[in-house]
Protein chains: 2
Amino acid sequence: MAQSAKKHDVFQAIADPTRRDVLKLLSKKELPISEITAHFPMTRTAIAKHLVILSEANLVSGRKVGREKRYRLHPEPLTELKEWLAYYEQFWTNKLSILKYVVENNKDTQDDDK
Amino acid sequence: MAQSAKKHDVFQAIADPTRRDVLKLLSKKELPISEITAHFPMTRTAIAKHLVILSEANLVSGRKVGREKRYRLHPEPLTELKEWLAYYEQFWTNKLSILKYVVENNKDTQDDDK
DNA sequence: ATTATATAACACTATTTGGTTTCATGTCAA
DNA sequence: TTGACATGAAACCAAATAGTGTTATATAAT
């Protein structure tokens with residue numbers, strides 16, 4: 001399957017909450033699809049499709065180990081996000097009210113379930 | 001369709017290239033829909049829908065001025081993106097090739113480690 | 001070799017998305 | 001008031017996504 005086909009970019013890849021959670025999971029360690037699936041209320045096939053999208057954005061890659069395929073995180077494409085974001089930082093680095101916003105809306109969606 | 005303010009989050013809002021371009025446009029100055037539309041190869045209605053999505057993510061707001069509605073940028077919700085991204089910076093701050101890339105493009109690498 | 005397991009490959013459906021056209025409403029200016 | 005302009009809203013359409021289930025293939029262990 002296409003690993004470099006840029007059908008999906010990093011912006012689309014992280015738009016989905018499930019995919020963000022998958023990335024978070026894989027940031028801890030390499031995992032096979034079945035183990036990833038165990039953390040979500042959906043089928044393995046659905047997770048596999050999410051992994052395809054993440055792969056197309058080059059955010060993850062899979063390597064076969066025996067009969068399972070282990071996926072691991074590739075954070076590099078996130079630099080594109082950071083680049084994009086950098087442009088807008090000029091608009092808040094001199095606005096202290098933003099800090100207030102961050103504190104009041106501290107919605108970090110990281111779940112460290114394992 | 002009930003437009004609850006959080007139907008679209010910032011991640012979904014910026015997933016579309018057109019919407020990212022709209023944000024960039026509005027970062028220069030406040031603009032009415034018709035002027036925004038002039039920059040894109042699509043109808044005013046399509047742009048209006050994108051603006052609804054951006055509004056739901058609180059990335060833009062519109063105020064009526066006479067018979068036109070001027071939209072302006074609200075960069076604050078992008079901090080959520082920055083927060084999310086900060087978690088992954090740990091994975092490339094020790095990868096010097098990436099750091100080099102970022103530095104060479106004059107992007108500051110402040111880390112909001114959690 | 002047989003069997004159990006992990007993943008791949010399809011086929012299908014429902015929903016969402018991004019876009020259109022059409023029509024209605026409201027505002028400015030002559 | 002009338003006409004031009006700007007927006008809002010609805011109905012509709014095509015394509016892409018996200019999900020399902022089933023079947024096939026490859027590998028590991030016995």
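Throughout, protein chains are lettered first and strands after them, A, B, ... in sequence-line order, and every chain is numbered starting at 1. Predicted model, so just to flag it, every value in this text is computed and none were measured.
Counting only heavy atoms from C-beta on, A/H50 has its side chain closest to D/dA18 among C/dG18, D/dA18, D/dT20.
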Report task. Could you walk me through whether A/L25 and A/Y71 pass side-chain contact (heavy atoms from CB on, under 4.5 Å), step by step? Result -> CA-CA 10 Å; A/L25 259 182; A/Y71 282 87; over 6 Å; no
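One finds a side-chain N or O of B/S34 lying less than 4.0 angstrom from the OP1 or OP2 phosphate oxygen of D/dT7. Within the structure, every side-chain polar atom (N or O) of B/T43 is placed at least 4.0 Å from both OP1 and OP2 of C/dG19. OP1 or OP2 of D/dA18 has at least one side-chain nitrogen or oxygen of A/R19 nearer than 4.0 Å. Note on B/K64: every side-chain N or O is 4.0 Å or more away from OP1 and OP2 of D/dT7.
Aromatic ring pairs are classed by plane angle as parallel below 30°, tilted from 30° to 60° and perpendicular above 60°; the pair B/Y88 and B/W84 is tilted.
Salt-bridge annotation for A/E80 and A/K82: absent, with no side-chain N of the basic residue lying under 4.0 Å from a carboxylate O of the acidic one.
The residue A/K49 sits close to a base: some heavy atom pair falls under 4.0 Å.
Using modelled atom types, one finds no donor on one side chain facing an acceptor on the other under 3.5 Å when comparing A/H50 with A/T18.
As a whole-Å value, the separation of A/I33 CD1 from C/dA6 P is 11 Å.
Both A/R44 and A/V65 sit near DNA chain D, but only A/R44 has its closest nucleotide nearer the 5' end.
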